[in-house]
Visitor: 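This is the structure I want to talk about, given as structure tokens.
By convention in this document, chain letters (A, B, ...) are assigned in the order of the sequence lines, proteins followed by strands, and residues within each chain are numbered from 1.
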There are 2 protein chains.
Amino acid sequence: MTRKPPSASVTLEDVARVAGVSRATVSRVVNGRATVDPALRSVVEQAIAATAYVPNRAARSLVTGSTGSIALVVSEEGRQTAQRHPADETHPSFAGRIFTDPFFGRVVGGVMGEIRPRGVQMVLLLVDDEQSRRQLLNYLRQGHVDGVVLISTHAEDPLPEWLADARVPAVMSAQPVRPVPIGWVEVDQRGGVGLAVDHLVAGGRRRIATVTGPLDTPAARERLAGFRERLAGHGLAPAAEVEGDFTQAGGAVAMRRLLELAPKADAVFVASDLMALGALPVLHRSGRRVPADVAVVGFDDSSAALACDPPLTTVRQPVEEMSARMVRLLLDRLADPAAEPLSAWFSASLVVRDSA
Amino acid sequence: MTRKPPSASVTLEDVARVAGVSRATVSRVVNGRATVDPALRSVVEQAIAATAYVPNRAARSLVTGSTGSIALVVSEEGRQTAQRHPADETHPSFAGRIFTDPFFGRVVGGVMGEIRPRGVQMVLLLVDDEQSRRQLLNYLRQGHVDGVVLISTHAEDPLPEWLADARVPAVMSAQPVRPVPIGWVEVDQRGGVGLAVDHLVAGGRRRIATVTGPLDTPAARERLAGFRERLAGHGLAPAAEVEGDFTQAGGAVAMRRLLELAPKADAVFVASDLMALGALPVLHRSGRRVPADVAVVGFDDSSAALACDPPLTTVRQPVEEMSARMVRLLLDRLADPAAEPLSAWFSASLVVRDSA
DNA sequence: CTGAAAGCGCTAACAT
DNA sequence: ATGTTAGCGCTTTCAG
């Protein structure tokens, strides 16, 4: 049987022949096993260089059962954005939104920084509906990656459960709503918002309103709860609460509505920097000065905070550290699959700039 | 030899045993080959369902030599951004910039729309320096993906050549600077800018300036060339030319400089929507009204154009169609590796909104 | 310390 | 139309 090889690439066998040793020895050299005679090792290394050998990942995976790559899965609902855009007609994917929010840039950066030195690769997968979630699960089950870092925003997302059921090693970007045997990291959202409220109150503000995130997300709910809690602690009540959608355009819409509801507000906590970026021009346009007339505090400390005018005072989430930790939790899990899923808490801090 | 199986998953063999047929038959059913008796087929399908069988991708790849996934590689230089941000200290990756530019969202959307119905998966890879480029090449050589869609911005990027040398099937997002045996798509940048200039001139503008992109990128150079050409065609000279960096913050900086150089400019062509988004507040702040005092035209027609105030008149690149085409060119290439690399041209159009 | 040999799970001739 | 069988390229016992 002389079937044409799928790719005419150099194999371990070829290297072994050139080096005059066995496949096993070459394999040991390639994988850095200690038990190889230095002399032989260098012969093999030369042969590898001479033949431009590159190990075949599929073959290796087949026998080792692992792939050396992990998936970064961003899971959202495929809901409509506030504004229609020609681009949205062509493809219903939410890629556009993901790629507009600097928050995700920080996540990816944190993951990359952690995996790059280890030679692990990242596969980015976006899912936003039933079909894509099923496809994802199928993909994962086929063993294309060793595990997943899951960024999931919505409370109803079935993915955490599905992943657990499918025994796919995974770590989540937030504590799952229902108990699931999966690791996660979480930031103290309430505490962070508390810092913001304290700062506003200390600055003499009393009529404090908020633009929330989409309230079907735990993050938005936590931030709102923290806002109310701390305000109450100061003996104050919210001047207004308007729901936004974590987008820039949505922030503008929400702020317009907020000014109708609470024209005398002297401070606004906006639950994400990106929304604040959209909200600030609305304030300016209404004739209000920031921070003189209205103080604004954001949340995230993403690059959007610096794109704001004036630069935004904001609650900083240590996103890079959190995503780096997710990677480490995942890799630990992969190294010892029997271990219990571990989790980690982070605290937020206040970054004071010019807007409050 | 009773080695522990790497993953205790169901194999073709198991299904065959349950169904009482041979592995080959199960394989045929799984792969939808026609030559299977309907009765047997349904027996096999039940066995598959009963055992929750999922094909092992590594094994399949090993024998077929293909993986069913492609890489979307975004390659840039790891240069500093205009503004420093805490996030930048933690990781020098350019993930932040990528995830801040809605342009890339359109690219990803276009790719996804094309591959999803075919069941092909996308792996997103970001490279921004020598090391990451080498790692990338290694990854690709290991056969993890079947081919690559390459988004490369800089003229000096060695990746196109490297990919060609490594025989990695690839399609580029622009015509390579030096001739490389690789497929590409290209938009008529000059023609597009010409539309913008014509529109401004038709609107009575005569003192027209521009904020360019980073001039080490062919795209920025083409747009500038188109700008000069068409302006000359109208008997005009540029009121000013200031180099930007395709970021929002960079757009603001450039616009400030431009107003110093050409305070009397009555129109500005900004070479990307994202830069325009940064430039507009600078104009407002200087007391100029848009479009009454200064008309502004952008480039891309990304979601940033709608985030602008007023909504931005801009040159539309058919980014989704272009990236979809890249995918198709790549898949065609994979289907027939012997075929010549094909390419495609697209034309730009003017989307008139309120800023000019 | 090195080599021989047995598979990992799958596909695709080839034979029936 | 179905079964038999030979590998794909690699890692890893097990002998020596």
Side-chain angles (χ1 to χ4, degrees), chain A residues 1-45 47-48 51-68 141-144 146, chain B residues 1-45 47-48 51-68 141-144 146:
Chain A
M1 191 189 294
T2 33
R3 188 149 38 105
K4 193 94 181 185
S7 70
S9 63
V10 185
T11 75
L12 214 51
E13 181 93 49
D14 300 327
V15 179
R17 201 178 318 115
V18 171
V21 300
S22 73
R23 285 209 310 268
T25 300
V26 180
S27 175
R28 287 179 188 116
V29 171
V30 169
N31 293 290
R33 298 273 180 283
T35 63
V36 178
D37 184 273
L40 255 194
R41 171 183 298 277
S42 81
V43 171
V44 171
E45 275 162 353
I48 289 173
T51 53
Y53 169 73
V54 181
N56 177 317
R57 207 58 179 238
R60 182 178 283 176
S61 293
L62 182 56
V63 47
T64 61
S66 78
T67 64
R141 270 204 269 252
Q142 294 185 34
H144 234 130
D146 298 336
Chain B
M1 191 187 292
T2 34
R3 190 147 36 103
K4 192 95 182 184
S7 70
S9 63
V10 186
T11 75
L12 213 52
E13 182 93 50
D14 300 326
V15 180
R17 201 177 317 114
V18 170
V21 299
S22 74
R23 284 208 312 265
T25 300
V26 180
S27 176
R28 286 179 188 115
V29 171
V30 170
N31 293 290
R33 298 272 180 284
T35 63
V36 177
D37 184 89
L40 253 195
R41 172 184 297 277
S42 81
V43 172
V44 171
E45 275 162 355
I48 289 174
T51 53
Y53 168 74
V54 180
N56 177 316
R57 207 57 180 237
R60 181 178 283 175
S61 293
L62 182 56
V63 48
T64 61
S66 79
T67 64
R141 269 204 271 252
Q142 295 186 40
H144 233 131
D146 298 337

Visitor: To the nearest Å, give me how far apart CD (A/E13) and P (D/dC10) are.
Guide: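 For the pair A/E13 CD and D/dC10 P, the rounded distance is 10 Å.
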Visitor: Below the 4.0 Å mark, does D/dT11 have OP1 or OP2 next to a side-chain nitrogen or oxygen of A/N31?
Guide: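 Result: yes.
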Visitor: I'd like to know if the side chain of A/R57 reaches the main chain of A/T67, judged simply by a donor and an acceptor atom lying under 3.5 Å from each other, with no hydrogens or angles considered.
Guide: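 Yes.
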Visitor: Below 4.5 Å, heavy atoms only, C-beta onward: do B/L40 and B/R28 meet side chain to side chain?
Guide: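 B/L40 does not reach B/R28 side chain to side chain.
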Visitor: Whole Å only: how far is the CG atom of A/L62 from the C1' atom of D/dC8?
Guide: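 So the CG-C1' distance, A/L62 to D/dC8, works out to 9 Å.
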Visitor: Checking the side chain of B/S27 only, and the main-chain atoms of B/R23 only, is there a donor and an acceptor separated by less than 3.5 Å?
Guide: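 Judged by distance alone, no pair lies under 3.5 Å.
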Visitor: Find the distance B/D37:CG to D/dT2:C1' and express it as a whole number of Å.
Guide: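 Answer to the nearest Å: 10 Å.
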Visitor: Can you check whether any acceptor in the base of D/dG3 is under 3.5 Å from a donor in the side chain of B/R28, or vice versa?
Guide: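 Between D/dG3 and B/R28, which were checked side chain against base, a qualifying N/O pair under 3.5 Å is present.
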Visitor: Has B/D37 got a side-chain atom pairing as donor or acceptor with B/A39's backbone, closer than 3.5 angstrom?
Guide: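 Yes, the answer is positive, given that a donor and an acceptor are paired below the 3.5 Å cut-off.
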Visitor: Remember a base hit wins even if backbone is also touched, and classify A/V30 as base, sugar-phosphate or nothing at under 4.0 Å, heavy atoms.
Guide: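 No contact at all - A/V30 keeps every heavy atom at 4.0 Å or more from the nucleic acid.
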Visitor: Might you point out which heavy atoms bring B/L12 and B/Y53 nearest each other, and give the distance in Å?
Guide: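 Minimum heavy-atom separation between B/L12 and B/Y53: CD1-OH, 3.3 Å.
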Visitor: Considering heavy-atom distances to DNA chain C, does B/R57 or A/P38 have its closest nucleotide positioned more toward the 5' end?
Guide: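 Of the two residues, A/P38 wins.
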Visitor: Does a side-chain N or O of A/T11 approach OP1 or OP2 of D/dG9 to a distance below 4.0 Å, or not?
Guide: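 The answer is no; no side-chain N or O of A/T11 sits under 4.0 Å from OP1 or OP2.
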Visitor: Expressed as a whole number of angstroms, how long is the span from B/L12:CG to D/dG3:C1'?
Guide: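 It is 13 Å, rounded to the nearest whole Å.
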Visitor: Whole Å only: how far is the CZ atom of B/R60 from the P atom of D/dG9?
Guide: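 It works out to 18 Å between those atoms.
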Visitor: In whole angstrom, what separates B/R17's CZ from C/dC10's P?
Guide: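 In whole Å, C/dC10 P lies 12 Å from B/R17 CZ.
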Visitor: Can you find a pair of side-chain heavy atoms, one from B/T11 and one from B/N56, that are under 4.5 Å apart?
Guide: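 No, their side chains stay 4.5 Å or more apart.
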Visitor: State, to 0.1 Å, how close A/S61 and A/S66 come at their nearest heavy-atom pair, and which atoms those are.
Guide: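 For A/S61 versus A/S66, the nearest heavy atoms are OG-O, 3.2 Å.
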Visitor: Go through D/dT2, C/dA4, C/dA12 for me and flag the one nearest to the B/A24 side chain.
Guide: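 From the listed options, C/dA12 comes nearest.
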Visitor: Any side-chain heavy atom of A/V21 within less than 4.5 Å of one from A/V44?
Guide: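 They are in contact (side-chain heavy atoms under 4.5 Å apart), so the answer is yes.
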Visitor: B/R23 side chain N/O closer than 4.0 Å to the phosphate oxygens (OP1, OP2) of C/dA12?
Guide: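 The answer is no; no side-chain N or O of B/R23 sits under 4.0 Å from OP1 or OP2.
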Visitor: Does a nitrogen or oxygen in the side chain of B/S22 sit under 4.0 Å from OP1 or OP2 of D/dT2?
Guide: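 False: B/S22 side-chain N/O out of range (4.0 Å or more) of D/dT2 OP1/OP2.
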Visitor: For the pair made of CG in B/D14 and C1' in C/dG9, what is the distance, rounded to whole Å?
Guide: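 Whole-Å distance recorded here is 10 Å.
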Visitor: Using five pairs at either end of the helix from C/dC1-D/dG16 to C/dT16-D/dA1, determine the angle between the two local helix axes and round it to 10 degrees.
Guide: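 Computed angle between terminal axes is 40°.
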Visitor: Look at the side-chain N and O atoms of A/T25 and state whether any lies under 4.0 Å from the OP1 or OP2 oxygen of C/dG3.
Guide: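 Yes, because at least one side-chain N or O of A/T25 sits under 4.0 Å from OP1 or OP2 of C/dG3.
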Visitor: Base, sugar-phosphate, or nothing: which does A/R41 touch, judged by heavy atoms less than 4.0 Å apart?
Guide: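 A/R41: no heavy atom of the nucleic acid under 4.0 Å.
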Visitor: Can you tell me the distance, in whole Å, between the CZ atom of A/R33 and the P atom of D/dT13?
Guide: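 In whole Å, D/dT13 P lies 10 Å from A/R33 CZ.
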